[in-house]
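Report on one structure; see the data block that follows.
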Amino acid sequence: MRHKLPEVSARERDGDPVRLHVVTGKGGTGKTTLAAALALALAAGGGRVLLVEVEGRQGIAQLFGTPPLPYEERPVADTPGGGRVSALAVDAEAALLEYLEIFYGMRRAGQALTRFGAVDFATTIAPGMRDVLLTGKATEAVRRRVGDRRRGGRDTPAAPHVYDAVVLDAPPTGRVAQFLNVNAEVAGLARVGPIRNHADKVMETIRSPRTVVHFVTLLEEMPVQETLDGVAEVRAVGLRAGSVLVNMVRAEHVAAADLDAAAAGALDLGALERGAKAAGLDRPDAVARGLAAEMADHARRVRAEAEVRERLAGIDLPRYELPLLAPGVDRAGLDTLAGRLRAQGAV
Ligand SMILES: Nc1ncnc2c1ncn2[C@@H]1O[C@H](COP(=O)(O)OP(=O)(O)O)[C@@H](O)[C@H]1O
Ligand SMILES: [Mg+2]
């Protein structure tokens, strides 16, 4: 039973909660930001959530305004209702030392290896090894139960899980399927032995119906194309896509008819000029022309966005939209985004 991939039980089909949320997306679309917002949304109302970062950028610490995260789980935010988000920045080298100790009782040897640069060597020649160390930490946290002797130890099925959910700020879309497909990555490295067993356990968690991959995108051609490709790739390796998170959506201020007129260059310049004059502005004619040009730009953008929205609608996944906030998203901004996720039923 333990080694078989679990069937989707009725309970799970009826919405047993997802326990591992993998967040990917084209770089710069707001992966880290939305992973954090999702963690806060999941913690709201009393959940225990772990937010995991694997790219070594300390993006989470920056976002929550905390000192750089050590390789250790640290609380970063409390939420109303007694919820808590903890965070962990996984470092492949530290994870390797930890596994050497757990599997081979080799911490000292591991430290000697590090001194001689062997860890770098190992992770450089075998990128698959590096990935399994990173996914290994996230999936161990998913399985961990209260009272587990040590990390990586047995799970004691009777005890509750330490975390209700784990959110993984994953590598970008182009790499995520490979990153998560630990089995394939490790196949060439270890056919038997503790690393193989570990990889099997990691894969069992990743393939579980309670693990999903969310795709962050903007309403732009490139990230939308990457999302479509990413969903297909993730499904091709047997994993579940969860949702599409459309980030930085700008509010609409202009009525559809005016947009059409603006796009067609047919705005009533006279009316704009009279408006500018009534507002007491200098050079109302220039103001009117400037406004018309801006509206034409805006109209073109809105049309382009409508086209990519259409393409996203072709994916059979729930889609949640998050607003463009003021630059430099802080805790208040994260709370706003978390609120939007909850309001749309994302968690
Ligand atoms: N909804 C949003 N509104 C405004 N700025 C945002 C939003 N989401 C992300 N950002 C900003 O965009 C930049 C990239 O976000 P980040 O989460 O680091 O992206 P990624 O992890 O995909 O590289 C950051 O400066 C972040 O503050
Ligand atoms: Mg990031």
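Just follow the structure's listing: the first ligand is 1, and inside any ligand the first atom is 1. Quick caveat: nothing in here was measured; it's all calculated off a predicted structure.
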For Lys31, take its heavy atoms, then give the atoms of ligand 1 lying under 4.0 Å from any of them. 17 (O), 19 (O), 20 (P), 21 (O), 22 (O)

How far does CZ of Arg143 sit from CD of Glu204, to the nearest 0.5 angstrom? 8.0 Å

Ligand-residue contact atoms, ligand 1 with Thr29, heavy atoms, under 4.0 Å: 22 (O)

Value rounded to 0.5 Å, distance of CG in Leu317 from CZ in Phe215: 7.5 Å

Is a donor from one side chain sitting under 3.5 angstrom from an acceptor on the other, for Thr66 and Arg74? no

Provide, to 0.1 Å, the distance between atom 17 (O) of ligand 1 and the closest protein heavy atom, together with that atom's residue and name. Thr33 OG1, 2.5 Å

Min heavy-atom dist Gly28 to ligand 1 below 4.0 Å: yes

Charged N to carboxylate O under 4.0 angstrom, Asp297 versus Arg300? yes

Could you tell me the residue and atom name of the protein heavy atom closest to atom 4 (C) of ligand 1, and the distance to it rounded to 0.1 Å? Leu325 O, 3.2 Å

Does atom 24 (C) of ligand 1 have any protein heavy atom closer than 4.0 Å? no

Between Gln344 and Arg319, a side-chain donor and acceptor under 3.5 Å: no

Does ligand 1 come near enough to Pro323 that some N or O of the ligand is less than 3.5 Å from an N or O of the residue? yes

N/O of Ala326 under 3.5 Å from N/O of ligand 1, yes or no? no

Can you check whether Val90 reaches Tyr71 side chain to side chain, under 4.5 Å on heavy atoms? yes

Taking the non-hydrogen atoms of Asn247, is any one of them nearer than 4.0 angstrom to ligand 1? yes

shortest atom 5 (N) of ligand 1-to-protein heavy-atom contact is with Val329 CG2, 3.6 Å

Calculate, to the nearest 0.5 Å, the distance between atoms CD and CD belonging to Glu233 and Gln178 respectively. 10.0 Å

N/O separation below 3.5 Å, Pro327 to ligand 1: no

Could you list the atoms of ligand 1 found under 4.0 angstrom from a heavy atom of Leu324? 3 (N), 4 (C)

Residue and atom name of the nearest protein heavy atom (relative to atom 18 (O) of ligand 1), distance in Å to one decimal: Thr32 CB, 4.2 Å

When rounded to the nearest 0.5 Å, the distance separating OG1 of Thr217 from CE of Met222 is 10.5 Å

Side chain to side chain, Lys26 and Pro172, heavy atoms closer than 4.5 Å: no

Minimum-distance protein heavy atom relative to atom 12 (O) of ligand 1: Met248 CE, 3.5 Å

Distance check below 2.8 Å: does Thr33 bring an N, O or S atom to the Mg ion (ligand 2)? no

As an exercise, state the distance from NE2 of His161 to CG of Leu50, rounded to the nearest 0.5 Å. 13.5 Å

